[in-house]
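Everything quoted here is computed from the prediction, not taken from an experiment. Below, each value reflects all heavy atoms present in this structure, side chains not excepted, and no hydrogens, waters or symmetry copies. Order of listing sets the numbers, starting from 1, for every ligand and every atom in it.
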Amino acid sequence: MEINGKTKTCGLIGNPVEHTLSPMIHNTLAGMFGHNLVYVPFPVETGRVAEAVAGAAALGILGLNVTVPYKSEVIPCLREVDSLAASIGAVNTLVSVTGGYKGYNTDMEGLYRAMTAEGIRLSGEEMILLGAGGASRAVAYLCAVKGAKRVYLLNRTLDKAQKVAEEVNRSVGREVILPMALSEFDSLPEQKFLAIQGTSVGLFPNVDRAVIEDEAFYRRIHTGFDLIYTPWETTFMKLVRKNGGQAYNGLKMLLYQGIIAYELWNGVEVSEKEAQIVYGKLKEAVS
Ligand code: ATR
């Protein structure tokens, strides 16, 4: 693509941003659609996110992704916030509107689309969610909003699991999230679950660890979805597969959060065929 006077700009604000795969996603899509658009990383210093958002609006930047540590801090800088993003309290995509930006959470819509693409449903499911940090808190909202029947929320620090459960249950008006300490997994009902791994345990370079390593736990899982994608096959995934379950990593979540952002910015629909081309490039980059 030739950059000229009509080129539109999108980008990523966060700190750090050097290792992001988002430029690969968006610049590949722009090339495929023939859009005159570039996507670039913008490192933003601590305390300057409001200036960054105001500056982006002043420059007519079409859209931004937001990453760590600004996903919550950016919210007061926005004109509007989508309802799912508002209840989660985290935004990863800004779409230009009159006078500023509207915030969305395409991380969670992306996870949902990734799971749907693999034939995994949330509605009516009995689930286990591992972790109660920022990522798992958002997943807990997603599961509740998409109609999961029950979600056992297991965390090392029980207090945090209880706090997330209270918040989500209050927000959706039913007792869907049930908090438990990790060490109590033995008292889970004797049945098979869909499990989502949302802790940071197992992430490169600590690739030999899983948040629960007892195989008895994995015999209860029919499908395991890890939000991590480096390494390609986490110890959690290995243990799920060893015990007869299906396992998936988080790369498709990354793919679809980007695709949904691209669709919001450009008013297009990315087909599955196009998504697979981008996925191929991402896979090559991480493996
Ligand atoms: P993120 O925003 O990626 O979710 P986070 O908010 O720091 O990151 O949350 C990290 C999650 O991984 C938490 O659930 C954390 O458990 P605690 O709430 O008990 O801290 C979990 N975690 C990190 N290291 C862990 C470990 N060694 N064993 C068990 N859980 C761990």
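- Between the Thr106 side chain and the Glu109 main chain, no donor and acceptor come within less than 3.5 Å of each other.
- For ligand 1 and Ser200, the ligand atoms under 4.0 Å from any heavy atom of the residue are 10 (C), 12 (O), 23 (C).
- Considering only non-hydrogen protein atoms, atom 5 (P) of ligand 1 sits nearest to Gly133 CA, 4.0 Å.
- By the criterion of a heavy-atom distance under 4.0 Å, the side chain of Val201, and not its backbone, is placed next to ligand 1.
- Ring planes of Phe185 and Phe217: perpendicular class, angle over 60° (limits at 30 and 60°).
- Protein heavy atom in closest approach to atom 28 (N) of ligand 1: Arg156 NH1, 3.5 Å.
- The heavy atom nearest to atom 14 (O) of ligand 1, considering only Leu158, Thr157, Asn155, is found in Asn155.
- Side-chain atoms of Asn249 never come within 3.5 Å of backbone atoms of Glu233 as a donor-acceptor pair (strictly under, hydrogens ignored).
- Shortest non-hydrogen contact noted between Thr28 and Val278 is CG2-CG2, 4.1 Å.
- The hydrophobic cluster containing Ile228 also includes Leu203, under a criterion of side-chain heavy atoms closer than 4.5 Å among ILVMFWY residues, counted directly or through chains of members.
- Of all atoms in ligand 1, listed by their number and element, those nearer than 4.0 Å to a heavy atom of Gly134 are 1 (P), 2 (O), 4 (O), 6 (O).
- Close contacts between ligand 1 and Gly131 involve ligand atoms 14 (O) [criterion: under 4.0 Å to a heavy atom].
- Heavy-atom proximity to Val211, at under 4.0 Å, picks out these atoms of ligand 1: 29 (C), 30 (N).
- The hydrophobic cluster containing Phe204, built from Ile/Leu/Val/Met/Phe/Trp/Tyr side-chain heavy atoms closer than 4.5 Å, also comprises Val207.
- Taking 4.0 Å as the cut-off between side-chain N and carboxylate O, Lys238 and Glu215 do not count as a salt-bridged pair.
- Nearest to atom 12 (O) of ligand 1 by heavy atom, out of Thr199, Leu153, Val139, Leu154, is Thr199.
- What you find for Leu129 and Ser136 is that their closest heavy atoms are CD2-O, 3.4 Å.
- Distances between N or O atoms of Leu182 and those of ligand 1 include no value under 3.5 Å.
- Heavy-atom contacts of Lys160 reach the following atoms of ligand 1: 17 (P), 18 (O), 20 (O) (cutoff under 4.0 Å).
- Within the 4.0 Å heavy-atom criterion, both parts of Ala135, backbone and side chain, lie near ligand 1.
- Protein heavy atoms all stay at least 4.0 Å away from atom 7 (O) of ligand 1.
- Tyr152 and Phe193 have perpendicular rings, their planes meeting at more than 60° on a 0 to 90° scale where under 30° would count as parallel.
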